[in-house]
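Right, one structure below, let's go through it.
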Protein chains: 2
Amino acid sequence: MSSVEATDKRDAILKTALALFTERGFYGTPTAMISREAGVATGTLFFYFKTKEDLIDTLYRQIKSQAAAALREGVDREPTVQVKIRKVGENALAWATTRPDEFRFMEQFAHSPFVSTTAHEEGMSHFLFLEELVRDGVREGTLRECDTGLLCSVLASSLSGLTARIMESPDPGQRALLARQGLSFIWNGIAAHPDGESCGGTHKITTTKKRSR
Amino acid sequence: MSSVEATDKRDAILKTALALFTERGFYGTPTAMISREAGVATGTLFFYFKTKEDLIDTLYRQIKSQAAAALREGVDREPTVQVKIRKVGENALAWATTRPDEFRFMEQFAHSPFVSTTAHEEGMSHFLFLEELVRDGVREGTLRECDTGLLCSVLASSLSGLTARIMESPDPGQRALLARQGLSFIWNGIAAHPDGESCGGTHKITTTKKRSR
DNA sequence: GTATAAATTGACTGGTCAGTCAATATGTCT
DNA sequence: AGACATATTGACTGACCAGTCAATTTATAC
């Protein structure tokens, strides 16, 4: 009853499902195929997961929370916002390159209607620390004064684009170079610039601090 | 014989499929539902599209090419690389906010295994002009010296993240503000910076920014 | 008009697959 | 040992759905 980690069958199912889903999509992967490939009976899958959707949701939640933990790793120890953020970036890259299946899974299903809304929301909640970090940066003037949500969105999407690009190249040296360039892109984008300006001509930042919704 | 626009039934099917797919996913949308909703018989759908996958592919191709055309709109007329790129950004934002369904469709299925590889590749080909634009920018020194593919990837993903964030806010004023800030983020990321550095090399950001206050 | 092709219909089918269930196994406590 | 809970099995089923097809309508040609 102690329960922790129960059966490894459950884990086998999750692991197999992850591989098959990324490769063939939810639709293209019958539950029977998952159980067969995982070396268990059909019934076993439905013993651990009430429905197929339950399996998908569980997988999504698990990966999302693991990813968040990975991004956060060691960040608190860093001294400044700038270094913290760079650390997050490096963590993200490391996570994605180490666990390509998980990364592709997220990439594919981040906007999928297969995944329940609640799972999506819960997934987001793990990344709140990032939002806070950004808010700190803006407050202390390291980051450019602008909508926090915007910074986060763009930060996240740039990171994922960067990662995707990096994974195209097999050579580790090349990868390191791209990583450096990409992170520098991102930093230049979010960092406060002394001369103000930027691209948008006038650029009035009279931030109406309206928190919508 | 003039032919243009053949049947509007075909268009109705495509339009309905678009709406249903974005809302319920490929899996969750039976062909029967599409045809019913579009006001045609099941057979008609399969008259115009050999299979369901064919329908999906066609839709994907169509939207992707429309999007590319929209992004390109008026760019050639602009004088400098900087303005051209800003124009592309504005076009992208305008396209996405005008056609939310199409945007969400792309967002959802850009990495989907449902879409055939050839369709994915063909889709990419429409965006070659962007790559060229970036290459020009790098050559003439406006953009930072680094891997073109990287610049493109990150440019594209930032834009899509920015767009997603913008669409969350209903207020046009707020949207405009976010757009300005977001585009400025991107420009700062890709632009060459006078103080050299850019991205390669050592990259010590020893900006000991003592916060004065 | 008649002939021929293109478009449209919807009842039907064959296969697939999520999920069930009764049987069986494995463990655990007394 | 028996009693009880928890796992595990895989044959089975009922629903669903992509795709067919013979029949019918509409357009075009001669």
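All of these numbers come straight from a predicted model, not from anything done at the bench. By convention in this document, chain letters (A, B, ...) are assigned in the order of the sequence lines, proteins followed by strands, and residues within each chain are numbered from 1.
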According to the interplanar angle, ranging from 0 to 90°, do the rings of A/F21 and A/F105 count as parallel (below 30°), tilted (30 to 60°) or perpendicular (above 60°)? tilted
Give the rounded distance in Å between these two atoms: CE of A/M33 and C1' of C/dG15. 15 Å
Minimum heavy-atom separation for A/V40 and A/K9, please, with both atom names. CG1-CD, 3.7 Å
Rounded to whole Å, please give me the gap between CG in A/L55 and P in C/dC17. 16 Å
Counting only heavy atoms from other residues, nucleotides and ligands, does the tally under 6.0 Å from CD of B/E73 exceed 12? no
Answer with yes or no whether the side chains of B/T80 and B/Q82 bring together a donor and an acceptor at under 3.5 Å. no
Listed in order of residue number, which residues of residues 12-25 of chain A have a non-hydrogen atom at under 4.0 Å from DNA chain C? none
Separation between CE of B/M167 and CG of B/L162, rounded to the nearest 0.5 Å: 11.0 Å
Indicate whether any N or O donor in one side chain lies under 3.5 Å from an N or O acceptor in the other, for B/S157 and A/R165. no
Heavy-atom closest pair (A/A67 atom, A/W95 atom, distance to 0.1 Å) is CB-CZ2, 3.6 Å
A/F26 and A/F109: aromatic ring centres closer than 6.0 Å? yes
Which parts of nucleotides 8-25 of chain D does protein reach within less than 4.0 Å, heavy atoms only, written one letter per nucleotide 5' to 3' as B for base, S for sugar-phosphate only and - for none? BBBB-----SBBB-----
